[in-house]
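This report concerns only the one structure given below.
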Amino acid sequence: NTGTGSIGIGTDATAKTLTIGNVTGATAVNINTGTGASTFTTTGAGTLVLGGATSTGAITVGSSSASQTVNIGTGTAAATVNVATADAAGNVVIGDNTGSASSTIKLNGETSINGPLNLCIDNSGGGTDTYTSTNANITTFSPGLVILFAPARDNTGACTININGR
């Protein structure tokens, strides 16, 4: 193949199913593009599936060494984005997994988290206005520490929260 131009497959106005490759053995399908990019578009109730029901390999989106914006669910209509919602244990890593706290997570466009988000669940077992919790990841209280606290009951007045005996 030499020269430039378009190659159209199934581009007329008749509904078609296009199949490239198969699911037998070590079959691979590679799609390479240059600076013209790639677009996968589905209309109506279409579904784009990456990684089938029995796939065990990694699904990678936005792995360039250059700065990128990866948009998920950013259309003008309401979107539900499900992450790790299977009926099995899983891990969700958001931000920088290299150990440095350089990533910022924005919730609702306003709340920023830069560093770990620590979940503390009330384990005080009684009383009304004193709560206690233990979280082994919190070794010191320092500026920027973010704690998400889940009380086991309502308070009735001013309350005290004790985390890791502090």
Side-chain angles (χ1 to χ4, degrees), residues 23 26-33 35 37-166:
V23 294
T27 298
V29 175
N30 298 310
I31 301 172
N32 299 312
T33 65
T35 58
S38 298
T39 301
F40 297 91
T41 303
T42 164
T43 59
T47 301
L48 176 60
V49 176
L50 301 174
T54 59
S55 296
T56 58
I59 298 172
T60 304
V61 177
S63 65
S64 172
S65 61
S67 293
Q68 294 179 311
T69 298
V70 178
N71 296 314
I72 301 173
T74 58
T76 58
T80 299
V81 178
N82 296 314
V83 178
T85 58
D87 291 335
N91 295 314
V92 177
V93 177
I94 299 175
D96 187 353
N97 66 0
T98 63
S100 66
S102 61
S103 297
T104 298
I105 300 168
K106 288 190 175 182
L107 305 174
N108 199 26
E110 297 176 9
T111 305
S112 295
I113 300 170
N114 190 333
L117 174 62
N118 299 282
L119 174 61
C120 294
I121 298 174
D122 180 17
N123 59 12
S124 56
T128 56
D129 295 328
T130 301
Y131 303 94
T132 60
S133 182
T134 303
N135 184 321
N137 294 321
I138 301 173
T139 57
T140 181
F141 292 154
S142 57
L145 175 68
V146 179
I147 297 173
L148 177 63
F149 181 72
R153 65 203 174 285
D154 291 339
N155 64 304
T156 58
C159 64
T160 301
I161 299 174
N162 182 316
I163 297 175
N164 293 348
R166 297 184 196 148

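- A donor-acceptor pair is defined here as one N or O able to donate and one able to accept, closer than 3.5 Å; no such pair exists between the side chain of N155 and the backbone of C159.
- Across all non-hydrogen atoms, the minimal contact from D122 to S124 is OD1-OG, 2.7 Å.
- Here the CD1 atom belonging to I138 is positioned 5.5 Å from the CD1 atom belonging to I163, to the nearest 0.5 angstrom.
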Take D129 and T160 through the side-chain contact (heavy atoms from CB on, under 4.5 Å) test and state the conclusion after the steps.
CA-CA 6 Å; D129 295 328; T160 301; over 6 Å; no
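- Within the structure, the side chain to side chain donor-acceptor pair (under 3.5 Å) test picks out the following pairs touching residues 131-140 (sequence neighbours left out): N123-T132.
- Residues S38 and T33 have side chains that bring a donor and an acceptor to within less than 3.5 angstrom of each other.
- Panel note: side chain N162, backbone G165; a donor-acceptor pair is recorded below 3.5 Å.
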